[in-house]
Amino acid sequence: MSARVGYDDLLFIDGEWRPSNGDARIDLVCPSTEELVGQVASATPHDVGAAVAAARRSFDDRRWSSLPLEDRIAVVQQAADAVTAMADDVGLTVTTEMGQPIVTSTGLARQLGATAGFLGDLARSFEQIRYDDGPAGPAAVVHEPVGVVAGVAPWNGPMGTAMSKICMPLLAGCSVVYKPAPETPFSVRFLVDALVDAGLPAGVVNVVTGRGETGTALVSHPDVDKVSFTGSTTVGRTIGEIAGRGFKRLQLELGGKSAAVVLDDADMDVVQQGLMVGSFFNTGQVCAALTRVLAPRSRYDEVVAAVSESAGRWVLGDPFDPATTLGPVAGQRHRERIEGYVRGAVADGATAVLGGGRPEGFDRGWYVEPTILVGVTNDMTIAREEVFGPVVVVIPHDGDGDAVRLANDSPYGLHGAVFTTSPDRAVDVARRVRTGTFTVNGFRYNNRAPFGGVKASGVGRDTGREGYASFWESKTINLPKRDADRYTASLSAS
Ligand code: NAP
Ligand code: MG
């Protein structure tokens, strides 16, 4: 086993790894050891231009989109299977990059082959042509790949993000320029090399590492047709403005402050199990994390005890140790931000009933204690802004209606959950909370269904049928009434 991190300035452009034309480099520092473990290039606008030009050429000459769908599926499947077969190395790389426990990072890498299998089935079932009848003749509604896709990614789930920002558009026949986050610049290389080995033509996928400036050059490039961005709401707003000016198709998967609505008939064991994963998985660095727990006033203490038990079940430690389930956060900057939020909450009147600081016994690594804050009201900064760490607030509510009101009193609308033993009450709350995704009695992420948010959590949907459909453009071809059958036959064969 070896982590694929190191020192180079290579970008993947037009089918080959080639050096950046600039001198800027980004350090990669391992979150658990604080050691410098590698460096990558920060791609210049010139590099980005070369990558977009390669993608554009490969899309315009149809070297990929004209292949039979089954051929495209085979390339993606073979590549994903190869990455799955290398799951130990992939996991070690991700753990070195962003500190995710090795059990999690290898486990997630092992799922990629199955994810590709699902994506292939989705592609097969996608309706390519539809006919809408009209008085003057039928209209054929054909679907065409959206074109050159700019994928800009965060660091908290690098392989899953690469699947939805590289493999999904590939299945649709698009060409891609992908910018991984500077925290996780290496892990995507496993997928890129596997795609090349599987026969992906040159130029169809390009990777540029870099910081925000690289991302800006990419999303503002006139030859990019669609921007698929996952990241913070602040950056999403900027990207949305840039993409809007260029009339680019846009998908923004942004932050959240998702509520877990606990009703007074909830089973506390289910609450405890659901919030264990929902609030603390990946050290709380999950966009959909349930970080605002709304507890019935009559059972408030029981809920706080359940959340504390959830936190206590995690084994915090060295992410390279297979016994560890909770690692450090991804960077020094990230820890500072989390600690700033906790300090601010305490200054606003909150109390940490668990955690609130750094765990004992770790003199290296960006560790944060799982933290539970009480004495919080929904208007405090800690209840409104995304912390992106293992920090949960518990806020009392006075019944289902009040809980729904509090859940909706948020700038965000990504995810949420309800805990109750009544299906009627579960469905009522699930329908009334305004989010793009919702879970009943737990925390379940299903990448076969659409995922995404409303309000400040974004625009559009990732994954699932809706996510796949976003890589297509519809074109209406109005056919003459006379001889319509001959035209439809031609279209079916096209
Ligand atoms: P981020 O700081 O917003 O960055 C995301 C990506 O955008 C990075 O590659 C970043 O590079 C790049 N970027 C920054 N400024 C840019 C600009 N002006 N133009 C183009 N690209 C730019 O987010 P992050 O810290 O990596 O990830 C955490 C955030 O992602 C959280 O808010 C989380 O909720 C969100 N997230 C959402 C979902 C979802 O599906 N809704 C899933 C996962 C994560 P730099 O880092 O160098 O700035
Ligand atoms: Mg960042």
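Since we're looking at a predicted model, the values are computed, not measured.
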- Counting N and O atoms only, with roles assigned by atom type, does the side chain of T283 sit under 3.5 Å from a partner on the main chain of P390, one being a donor and the other an acceptor? no
- Pairing of R297 and D264 as salt bridge, 4.0 angstrom limit: no
- Decide salt bridge (Lys or Arg N to Asp or Glu O under 4.0 Å) for D402 and R405; before the verdict, give the C-alpha distance in whole Å, the side-chain angles of both, and the deciding distance to 0.1 Å. CA-CA 5 Å; D402 190 43; R405 178 187 67 77; 2.8 Å; yes
- T84 side chain to G113 main-chain N or O, any donor-acceptor pair under 3.5 Å? yes
- Does one side chain, of N378 or R292, offer a donor that lies under 3.5 Å from an acceptor on the other? yes
- Task: Would you give the length of the straight line joining atom CZ of F280 to atom OG1 of T325, rounded to the nearest 0.5 angstrom?
- Result: 12.0 Å
- Query: Is there a donor-acceptor contact under 3.5 Å linking the side chains of E385 and Y341?
  - Reply: yes
- Item | Full working for ring-ring contact (aromatic ring centres under 6.0 Å, His included) between F388 and W155 | CA-CA 12 Å; F388 222 57; W155 45 267; 5.6 Å; yes
- Task: Mind checking the OG1-OH spacing from T437 to Y445? Nearest 0.5 Å is all I need.
- Result: 9.0 Å
- Over all atoms of both residues, closest heavy-atom pair of Y367 and P359: CB-CG, 3.6 Å
- To the nearest 0.5 angstrom, please state how far the CH2 atom of W366 sits from the CE atom of M98. 12.5 Å
- Message: Whether the side chain of Q100 engages the backbone of T95 through a donor-acceptor N/O pair (distance < 3.5 Å, no angle test) should be reported.
- Response: no
- Query: Counting N and O atoms only, with roles assigned by atom type, does the side chain of E466 sit under 3.5 Å from a partner on the main chain of G460, one being a donor and the other an acceptor?
  - Reply: no
- Message: Test side chain to side chain contact (heavy atoms under 4.5 Å, CB included) on Y178 and V192; report intermediate values, then the result.
- Response: CA-CA 10 Å; Y178 184 73; V192 171; over 6 Å; no
- Task: Mark yes or no for whether T324, through its side chain, and P319, through its backbone, hold a donor-acceptor pair below 3.5 Å.
- Result: no
- Task: Applying salt bridge (Lys or Arg N to Asp or Glu O under 4.0 Å), run through D363 and R358 and close with a yes or a no.
- Result: CA-CA 10 Å; D363 50 2; R358 298 180 185 181; over 6 Å; no
- R461 side chain to G467 backbone, donor-acceptor under 3.5 Å: no
- Task: Could you grab the distance from atom CG of L250 to atom OG of S470, nearest 0.5 Å is fine?
- Result: 10.0 Å
- First locate atom CG of D428, then atom CG of L263, and finally report the distance between them rounded to the nearest 0.5 Å. 9.0 Å
- Item | Sole residue of K165, E253, R249 in side chain to side chain donor-acceptor pair (under 3.5 Å) with S228 | K165
- Query: Does any donor atom in the side chain of Q273 or D269 lie under 3.5 Å from an acceptor atom in the other side chain?
  - Reply: no
- Heavy-atom count around R237 CZ within 6.0 Å, excluding the residue itself: above 12? no
- Can you list the steps and then say if D121 with R448 is a salt bridge (Lys or Arg N to Asp or Glu O under 4.0 Å)? CA-CA 11 Å; D121 288 344; R448 301 176 176 215; over 6 Å; no
- Task: Return the minimal non-hydrogen interatomic distance between A82 and A194, and the atom names on each side.
- Result: CB-CB, 4.0 Å
- Note on the structure: When every non-hydrogen atom of V262 is compared with those of V293, the smallest separation belongs to CG2-CG1, 4.2 Å
- Item | Sidechain N-carboxylate O distance under 4.0 Å for D88, R110 | yes
- Message: Testing the 3.5 Å rule here: is there a donor-acceptor pair between the side chains of T233 and E386?
- Response: no
- Message: Distance check, rounded to the nearest 0.5 Å: S308 atom OG versus Q272 atom CD?
- Response: 10.5 Å
- Task: Would you tell me whether T377 and D379 have side-chain atoms, one donor and one acceptor, within less than 3.5 Å of each other?
- Result: yes
- Heavy-atom nearest pair, A260 first then L275, reads CB-CD2, 3.8 Å
- May I ask you to say whether E241 pairs ionically with R245, meaning some side-chain N is under 4.0 Å from a carboxylate O? no
- Under 3.5 Å donor-acceptor, T463 side chain and A449 backbone: yes
- Tell me yes or no: between the side chains of D265 and T420, is some donor less than 3.5 Å from an acceptor? yes
- Message: Is the ring pair F126/W472 parallel, tilted or perpendicular, if the boundaries are 30 and 60 degrees?
- Response: parallel
- Message: Are V376 and V394 packed together at the side-chain level, in the sense that at least one heavy-atom pair is separated by less than 4.5 angstrom?
- Response: no
- Do H334 and Q285 have a side chain donor and acceptor closer than 3.5 Å? no
- So, S457 side chain and L254 main chain: donor-acceptor pair closer than 3.5 Å or not? no
- Message: Take a 6.0 Å sphere around CD of E360 and say whether it holds more than 12 heavy atoms from other residues, nucleotides or ligands.
- Response: no
- Measure centre to centre between the rings of H415 and F443, then say whether the value is under 6.0 Å. yes
- Return yes if some donor-acceptor pair links the side-chain N/O of T93 with the main-chain N/O of R4 below 3.5 Å, else return no. yes
- Verify whether one side chain among S410 and K455 offers a donor that lies under 3.5 Å from an acceptor in the other. no
- Task: Verify, without hydrogens or angle tests, whether R299 (side chain) and A266 (backbone) share a donor-acceptor contact under 3.5 angstrom.
- Result: yes
